[in-house]
Amino acid sequence: MMVAAGFSSFDTMVDKANHVLKEIEHAYGWPKERRKQSYAALRAVLHHLRDRLSVDEAVHFGAQLPTLLRGVYYDGWKPAETPVKWNSDEFFQRVRHDFPYAIEGDTEQLVRTVLHVLEHHISEGEWKDLKARMPASMYAVMPS
């Protein structure tokens, strides 16, 4: 379903963002009616990935995201407070805290689903760089 904003560039940006959300829904097995949940999952994962990275690394990763998702990624960012050091358990706790819905399965499954979808929208080189910057406990959770 295309959302018409009346300006083709905006329409394209909305379509790309909706495509990512649909991919999360499909991968997690959610119906389209759970769009708010796919958005909340994406937002929580993006924010905590961003906060784990140095400012330069966060900017390089953010530049790879579709335009509207880039806005979600940077929303509320406080570069002076990054990077925040955490392991995978702490990351899952942070995502769970920011995801206000019930989770079928566990938080790790939710995070893996979102990361798998994100991987398809980031260049291979940037994804490898991102993985290399994660603590060992997180490296195993990230696809490829």
Side-chain angles (χ1 to χ4, degrees), residues 1-86 88 90-135 138-144:
M1 179 170 104
M2 186 168 181
V3 176
F7 185 62
S8 65
S9 293
F10 288 149
D11 293 342
T12 300
M13 287 185 278
V14 169
D15 287 343
K16 285 182 180 181
N18 275 322
H19 181 73
V20 171
L21 296 174
K22 284 180 197 176
E23 286 182 41
I24 292 169
E25 291 156 9
H26 178 73
Y28 205 76
W30 287 333
K32 178 180 160 183
E33 295 76 31
R34 294 178 76 177
R35 180 62 45 97
K36 288 180 182 179
Q37 290 182 359
S38 59
Y39 171 78
L42 177 64
R43 187 176 195 283
V45 170
L46 281 175
H47 282 188
H48 294 297
L49 276 178
R50 173 203 70 200
D51 291 347
R52 177 62 174 87
L53 301 170
S54 72
V55 172
D56 284 346
E57 293 164 345
V59 170
H60 285 290
F61 180 74
Q64 297 275 316
L65 295 169
T67 306
L68 286 180
L69 298 185
R70 198 174 312 140
V72 171
Y73 176 73
Y74 286 117
D75 184 45
W77 188 34
K78 297 177 183 168
E81 297 177 12
T82 60
V84 177
K85 303 293 183 184
W86 41 253
S88 62
E90 292 166 322
F91 180 74
F92 298 143
Q93 288 171 4
R94 290 169 186 259
V95 168
R96 183 66 192 114
H97 179 267
D98 290 352
F99 184 74
Y101 301 96
I103 296 179
E104 298 131 20
D106 59 15
T107 306
E108 183 175 342
Q109 178 185 351
L110 180 73
V111 168
R112 282 181 186 270
T113 299
V114 172
L115 290 174
H116 181 73
V117 169
L118 282 175
E119 179 191 18
H120 297 285
H121 297 276
I122 304 298
S123 73
E124 183 179 344
E126 185 61 37
W127 191 258
K128 286 181 181 178
D129 287 347
L130 176 68
K131 280 186 74 168
R133 290 177 175 88
M134 291 294 117
M138 229 5 235
Y139 189 88
V141 174
M142 299 183 75
S144 296

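Throughout, residue positions are numbered sequentially from 1 according to the sequence presented.
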Distance, nearest 0.5 Å, that separates [atom1] of [X] from [atom2] of [Y]:
X      : Y      : atom1 : atom2 : answer
Phe61  : Leu46  : CZ    : CG    : 6.0 Å
Leu130 : Arg52  : CG    : CZ    : 10.5 Å
Leu69  : Asp75  : CG    : CG    : 12.5 Å
Leu118 : Thr113 : CG    : OG1   : 11.0 Å

Under 3.5 Å, is there a donor on one side chain and an acceptor on the other for [X] and [Y]?
X     : Y     : value
Ser54 : Glu57 : yes
His48 : Asp98 : yes
Glu23 : His19 : yes

| task | Answer yes or no: is there a side-chain heavy-atom contact under 4.5 Å between Phe10 and Thr67? | result | no

| 4.5 Å side-chain heavy-atom contact, Gln37 and Phe99 | yes

Has the side chain of [X] got a donor or acceptor atom that lies under 3.5 Å from a matching backbone atom of [Y]?
X      : Y      : result
Trp127 : Pro143 : yes
His26  : Leu21  : no
Gln64  : Glu126 : no
Arg96  : Thr107 : no

Where [X] and [Y] come nearest, the two heavy atoms and their spacing:
X      : Y      : result
Arg50  : Tyr73  : NH1-O, 2.5 Å
Tyr28  : Ile103 : OH-CG2, 3.4 Å
Leu49  : Met134 : CD2-SD, 4.0 Å
Val95  : Val111 : CG1-CG2, 4.0 Å
Met142 : Leu115 : CG-CD1, 3.9 Å
Ser38  : Glu25  : OG-OE2, 2.8 Å

| request: May I have the step-by-step check of salt bridge (charged side-chain N to carboxylate O under 4.0 Å, His left out) for Lys128 and Glu124, ending in yes or no? | output: CA-CA 6 Å; Lys128 286 181 181 178; Glu124 183 179 344; 3.1 Å; yes

| task | Evaluate side-chain contact (heavy atoms from CB on, under 4.5 Å) for Gln93 paired with His97, printing each intermediate quantity in order. | result | CA-CA 6 Å; Gln93 288 171 4; His97 179 267; over 6 Å; no

| request: Assess whether atom NZ of Lys131 is packed by more than 12 heavy atoms of other residues, nucleotides or ligands within 6.0 Å. | output: yes

| task | Take atom NE2 of His116 as the centre, draw a 6.0 Å sphere, and report whether it contains more than 12 heavy atoms from other residues, nucleotides or ligands. | result | no

| With the threshold set at 4.0 Å, does a side-chain nitrogen-carboxylate oxygen contact exist between Arg34 and Glu104? | yes

| Does Asp51 pair with Arg94 as a salt bridge, N-O distance under 4.0 Å? | no

